[in-house]
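Report on the structure given below.
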There are 2 protein chains.
Amino acid sequence: MKLSTSEENYIKAIFKLQDLHNTVPATLLAAEVKTKAASVTDMLKKLYSKKIIHYKPYKNFTLTNAGKKIALDIIRKHRLWEYFLVHKLGMNWDEVHPIAEEMEHVNNPLLIQKLDEYLEHPCFDPHGDPIPDKNGNIRMVEQSDICSSPIKKTLTVSSIKDQSITMMDLLKHYQIKIGTKLKLVRKFDFDGSVEIKIEKLAPTIISNQVAKNIFCTQ
Amino acid sequence: MKLSTSEENYIKAIFKLQDLHNTVPATLLAAEVKTKAASVTDMLKKLYSKKIIHYKPYKNFTLTNAGKKIALDIIRKHRLWEYFLVHKLGMNWDEVHPIAEEMEHVNNPLLIQKLDEYLEHPCFDPHGDPIPDKNGNIRMVEQSDICSSPIKKTLTVSSIKDQSITMMDLLKHYQIKIGTKLKLVRKFDFDGSVEIKIEKLAPTIISNQVAKNIFCTQ
DNA sequence: TAAAAAGTTTAGACAAATCTAAAAATAAAT
DNA sequence: ATTTATTTTTAGATTTGTCTAAACTTTTTA
Ligand SMILES: [Mn+2]
Ligand SMILES: [Mn+2]
Ligand SMILES: [Mn+2]
Ligand SMILES: [Mn+2]
C-alpha cells in the first residue's frame, strides 16, 4: 500500500502527539500538520478506512499496530537523512529538519538500507533522537532534563525536546549542542531557573522553560 | 516561484524532447510524462501563463530562457543525486534513475550546494550524462556512437543515449559500463550490426540499434 | 484540392486535499 | 441539571492534476 506525502505526514504527527500527550485532540493534530480541524476529520476517515488508525466519530483516535509500524518507518527515514545532512554534508543541526521533512517521503527500501549502511547504522539523529532500526525498534537511553538531574555531576547533553527554530537559536547562543558536557551548579526556587557550568565557558543561568527541554545522560 | 512536482516533470521532459527532436509534439510529451494529450494541453497553458514556455494553440511550443534555466537546475539535481547513489551508496547505475526522479524535487539550494561540494563537483552522472553547473552550464564532450567511430582504435564508453530498463539489462549482459574500453572491429553492411572487442573479453556482435545508443570518446 | 488521418484542444467529470461556515456532539461551568 | 463553551463533524466550494469523449486544426494522401 503506497501512501501520499500528506497521509504520511498525518501518520507521523499522530505518532508524535500520541507519544507526548496520551490522548490526541484533533485540533492539536491540525496545528501539527498546519491545516484545519475539518481537514483532519476528512483524513481521519481515510486513515481509518485504510486501517491505520482506530476511530469512532467524536471519540479519541490512536494508531493501529500497522499505523505505528508505518510511523516508525517514516521517522527512521527522517532521522537517517538528518544524520546524513549533518555528518556527511556538514550542514547545521538547526537547518536540516525541513529538508528531511521532504526526503522522508522518498520511498525505496533499498535506498534506505544502503543509506543506513553508508552511515554505519547510526542510533541517534543530530538532535539526539533515537533512530528506529529496520524493524521499528528504538533503543532507549536513560536521560533526564536538567532540572531533574543531580547537582554538580558532569552531564552530557543527549537530546532536545522542543526543536523549534527559536529554541535552536537560543541553544546556539548558549553554545549548547548534543554531546556538550556541563554541570548543574544550583537551582533557583523563585522561578525554577538553573545555573549551569558548560565546559570551558563561564557559568550562566538558563530559564526553567529551557532547562526542561534539555535532556542529559550522566 | 515554487513549482509543483508535476510542473517540474513536464519542464524537464520538454527540455529533453526539445534537445532530441527539434520540434516537440504534444503526444510525445504525453508519453514522456506518462499522461494523456488532454492533460498536456492543460499543463501547457499553465506553463505559458508562468512564462516558462512559448505557446500558441495548435502551434509548437518551446521553453523560454527562464524555462531552460529551471530545466537545467532540475537536471543538475537529478544527476547529482544519481552520482551520490552510485558512488557513495554503492547502488547500480540501472537502479538509481527512479529514485533520483523523486529526489530531484527536493528544493533547497544550500542542500544542492553542499551535495555538490561533498561529491567534489562531478561533471558526469553514472550514465555518462553531463551535470550542469550551478549556472546551468554544461561542458560538452567530443563523443560519437559506435557506428560512427573509427575502426580498430581504442574507444572509451562515455554515455548511453537510450537509458530504458531493457537497454540497461542488455548492457549488463554485454558487460558494458561507462569507462569500458573497447575496439570497433568491423561493421556489417547487411543490418548495420558491428563486431566489437571489449578489453579482456571475446569479440561479440551488437546490433545497429544498440551500437547507435552507445557513445564513446577516442 | 477534397477527403482522410493525425494531432490538439475543449467540455465535462473525477479524486485528493484543502478551506469556510454552520450544525452537532461532548465537556465544562454555573 | 441546565446553560455555555469547546471540540468535532458535515455541507458545500476550491485548487490541482488527471481522465474520456467529442470537437476542432493541421497535415497528409489520394
Ligand atoms: Mn514530511
Ligand atoms: Mn531530528
Ligand atoms: Mn521527477
Ligand atoms: Mn542519469
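Just so we're on the same page: letters track the sequence lines, and every chain starts at 1.
Close to C:dT10, at under 4.0 Å from its OP1 or OP2, lies a side-chain N or O of B:K45. In terms of phosphate contacts, A:S4 brings no side-chain nitrogen or oxygen within less than 4.0 Å of OP1 or OP2 of C:dA16. The phosphate of D:dT8 (OP1 or OP2) has no side-chain N or O of A:Y55 nearer than 4.0 angstrom. Contact annotation: A:Y58 does not reach the phosphate of D:dT10 (side-chain N/O to OP1 or OP2, under 4.0 Å).
Considering only side-chain atoms of B:T41, the nucleotide from C:dT18, C:dT9, D:dT18 that sits closest is C:dT9. Picking from C:dA25, D:dT10, C:dC19 the nucleotide with the shortest atom distance to the side chain of A:K36 gives C:dC19. Here D:dA11 is the nucleotide among C:dT9, D:dT18, D:dA11 with the atom lying nearest to any side-chain atom of A:A38. Each of D:dT9, C:dT18, C:dT9 was ranked by its minimum atom distance to the side chain of B:P57; first place goes to C:dT9.
Every residue two or more places apart in sequence or in another chain that forms a ring-ring contact (aromatic ring centres under 6.0 Å, His included) with A:H87 is listed here: A:Y83.
Under a 4.0 Å N-O distance rule, the pair A:R76/A:D133 does not qualify as a salt bridge. Classification of B:D145 and B:K161 as a salt-bridged pair fails, no side-chain N sitting under 4.0 Å from a carboxylate O.
In this structure, CG of B:D42 is placed 10 Å from P of D:dC19, rounded to the nearest angstrom. Separating the CG atom of B:N60 from the P atom of D:dT25 is a distance of 18 Å, rounded to the nearest angstrom. Rounded to an integer number of Å, the gap from NZ of A:K56 to P of C:dA24 is 22 Å. Rounded to a whole Å, the CG atom of B:L44 is 16 Å from the P atom of C:dG7. In this structure, CD of B:E7 is placed 9 Å from C1' of D:dT16, rounded to the nearest angstrom.
The closest side-chain donor-acceptor pair between B:E82 and B:H127 falls under 3.5 angstrom. In summary, the side chains of A:N213 and A:Q163 do not present any donor paired with an acceptor at a separation below 3.5 Å, with no hydrogens or angles considered. Side-chain polar atoms of B:H121 and B:E117 form no donor-acceptor pair below 3.5 angstrom. Under 3.5 Å, the side chains of A:K77 and A:N107 contain a donor-acceptor pair of N or O atoms.
Against DNA chain D, the stretch residues 10-31 of chain A makes heavy-atom approaches under 4.0 Å through A:P25, A:A26, A:T27.
Contact annotation for B:F61: no contact, since no heavy-atom pair falls under 4.0 Å across all strands. Counting non-hydrogen atoms under 4.0 angstrom, A:S6 reaches the backbone sugars and phosphates but no base. Using a 4.0 Å heavy-atom cutoff across all strands shown, A:T35 reaches sugar-phosphate atoms only and no base atom. A:K59 comes within 4.0 angstrom of no nucleic acid atom, judged by non-hydrogen atoms across all strands.
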